[in-house]
Amino acid sequence: MRRISQPDKTIARLETELANLNASREKLLAQRGAAIDELDKARADRRESLGQNADIVATSAAVRDLKARIMDLDELLGDVDHDISEMSERLTRERGVHDRNERADALEKIASATEKCARDVEVAVAGLKSAVIALRAELPEDIKLWPTHYAHRPIGSVDEDKLTASPRELVAGVLADALAQALPDLFDVSRDDYYRSALSRIMMPKGPRADWGSDETTQPLTAVEACEALISERLRELANEIRSGSIGSASDRVRPQVTYLKDPTASRPPDEQVFVTASLSYFATSAGAPLICGRGRAHMLPKPVADLAISRELGHRMSSPEGIEAFEEEKRRRERIRGNGDGAIRHDDCVALGDVLGLRASADEIAEVERAIG
């Protein structure tokens with residue numbers, strides 16, 4: 001049986017008193033109604049007695065008594081209405097206090113439950129920490145499995161100068177996929193140039209954030225699947241190649257794929273603003289994937305890229321009437337559809353302009369450099 005708290009008892013008592021007051025009011029109203037009926041009858045009797053030489057004094061006394069009785073009942077009803085009003089206000093206040101206390105108690109109960117769950121998470125994380133440390137301990141620090149020339153590391157990463165994925169990054173990849181596979185609703189997925197999946201930190205000091213991207217969204221893997229994809233299958237491939245004699249060591253097989261800048265001291269050509277009418281891509285740096293320029297927007301392009309794009313009818317200079325007209329028309333189109341343009345654009349959706357700026361070395365030049373550095 002539920003134990004009734006003191007606030008519950010107070011509210012129950014007030015509700016009972018209010019119900020009694022309302023019942024008394026109903027009785028008084030009934031008595032007043034009956035008295036009014038009697039008064040109407042007494043007045044009629046008095047009028048009738050006027051023409052019959054009856055006892056007018058007696059009938060008048062009856063009328064006066066009934067009027068006095070009705071006045072007393074009205075006074076009592078006024079007192080009862082006053083008490084009902086005060087009792088209702090007090091009951092409303094008590095119920096308000098009770099409801100606020102119940103909501104506060106519920107929040108405190110949730111807070112206590114989350115603290116207990118958080119302690120359970122700490123225990124689980126301690127076990128996870130041990131498993132992750134053990135996984136990382138199996139990987140030599142100088143292991144080289146994946147070149148990183150297409151990777152976008154966060155600025156300030158401890159591995160930013162390494163040409164291959166570090167053991168730390170490999171283990172982090174396994175852990176991230178395992179968490180995303182087990183708890184997908186905790187991860188936000190965006191389409192900002194590349195598909196990204198991120199577990200956000202809230203109200204924490206700003207620090208490096210993972211920035212590995214893919215042109216197409218992927219489903220997260222389990223820890224075993226991610227480990228196979230990132231580590232174990234790669235190691236077995238290397239082991240088989242070493243046994244067959246096709247490579248001398250793992251470091252020979254996983255030599256980082258490097259692209260080279262032809263003239264690092266060359267000055268960058270000036271930029272021109274171009275309204276792009278068909279999505280295009282071009283190599284903007286000496287390494288990494290081509291830069292995508294989506295249609296329906298104005299982009300700052302190096303002059304050689306701008307010249308090529310315009311000659312191939314992929315856009316208009318914003319300094320030209322055609323560019324201004326196309327920009328305004330696109331603006332009107334977005335207002336009509338209440339949108340911001342197209343969604344995610346893949347490299348396959350673009351006209352590839354290639355290495356317009358001459359930032360990439362030719363295959364022969366790369367081979368020559370490879371021979372020179374051994």
Side-chain angles (χ1 to χ4, degrees), residues 1-122 183-188 200 202-204 332 334-340:
M1 184 175 182
R2 189 175 75 90
R3 181 169 170 264
I4 301 176
S5 66
Q6 188 60 40
D8 289 335
K9 289 180 179 179
T10 300
I11 290 174
R13 178 176 59 78
L14 293 175
E15 288 175 340
T16 300
E17 292 181 12
L18 184 60
N20 291 337
L21 285 170
N22 281 315
S24 297
R25 187 177 189 278
E26 292 299 321
K27 290 179 182 178
L28 290 172
L29 285 173
Q31 292 174 15
R32 186 178 184 278
I36 288 174
D37 291 341
E38 291 181 28
L39 177 61
D40 290 341
K41 184 178 181 304
R43 283 173 172 166
D45 290 344
R46 188 173 63 176
R47 285 194 301 271
E48 186 177 343
S49 67
L50 290 174
Q52 296 177 356
N53 257 344
D55 189 355
I56 297 175
V57 175
T59 55
S60 294
V63 169
R64 286 194 302 272
D65 290 343
L66 288 169
K67 284 183 176 180
R69 183 179 177 189
I70 290 171
M71 289 179 63
D72 288 342
L73 289 171
D74 285 342
E75 187 176 347
L76 281 172
L77 280 169
D79 292 340
V80 170
D81 286 342
H82 179 269
D83 290 345
I84 287 174
S85 177
E86 283 195 342
M87 191 66 65
S88 297
E89 291 178 0
R90 185 178 174 189
L91 182 58
T92 299
R93 289 195 300 270
E94 289 292 336
R95 283 174 174 166
V97 171
H98 182 262
D99 290 344
R100 291 195 298 273
N101 287 336
E102 279 200 331
R103 291 197 299 271
D105 289 344
L107 293 176
E108 289 181 350
K109 184 177 180 181
I110 293 172
S112 298
T114 57
E115 288 174 348
K116 179 182 180 302
C117 291
R119 286 191 288 271
D120 293 340
V121 171
E122 282 194 354
L183 302 165
D185 60 318
L186 296 185
F187 286 75
D188 292 323
S200 301
I202 300 175
M203 295 179 67
M204 296 289 183
R332 289 191 291 269
R334 292 182 190 174
E335 289 174 351
R336 287 196 301 270
I337 65 175
R338 297 180 181 275
N340 295 319

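- The OG atom of S85 lies 14.0 Å from the CZ atom of R90; values are rounded to the nearest 0.5 Å.
- Between the NE2 atom of H98 and the CG atom of L91 there is a distance of 11.5 Å, given to the nearest 0.5 Å.
- Legend: residues meeting salt bridge (Lys or Arg N to Asp or Glu O under 4.0 Å) with D65, ordered by chain and number and at least two apart, are absent.
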Please tabulate, for side-chain N and O atoms in residues 13-27, each donor-acceptor pair with protein atoms closer than 3.5 Å (sequence neighbours left out).
from : atom 1 : to  : atom 2 : distance (Å)
R13  : NH1    : E17 : OE2    : 3.1
E15  : OE2    : R95 : NH2    : 2.7
T16  : OG1    : A12 : O      : 2.9
N20  : ND2    : T16 : O      : 3.3
N22  : ND2    : L18 : O      : 3.2
S24  : OG     : N20 : O      : 3.1
R25  : NE     : D81 : OD1    : 2.4

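- Contact detail for A35 and L66: the closest heavy-atom pair is O-CD2, 4.3 Å.
- Every side-chain contact (heavy atoms from CB on, under 4.5 Å) that L76 has, sequence neighbours left out, goes to L28.
- Note that the CD atom of Q31 and the CD atom of E38 stand 10.5 Å from one another [nearest 0.5 Å].
- The minimum heavy-atom distance between L77 and R32, with the atom names listed, is CD1-CD, 3.7 Å.
- Here the CG-CG distance, from L183 to L186, works out to 5.0 Å after rounding to the nearest 0.5 Å.
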Given side chain to side chain contact (heavy atoms under 4.5 Å, CB included), test V80 with D83 step by step and report yes or no. CA-CA 5 Å; V80 170; D83 290 345; 5.7 Å; no
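- Residue pairs meeting the side chain to side chain donor-acceptor pair (under 3.5 Å) criterion with at least one member in residues 104-121: none, sequence neighbours excluded.
- Minimum interatomic distance between R43 and V63 (heavy atoms only, all atoms of both residues): N-CG2, 3.9 Å.
- Under the side-chain contact (heavy atoms from CB on, under 4.5 Å) criterion, K41 pairs with D45, not counting sequence neighbours.
- Among residues two or more places apart in sequence or in another chain, the side-chain contact (heavy atoms from CB on, under 4.5 Å) test is passed with V97 by R100, N101.
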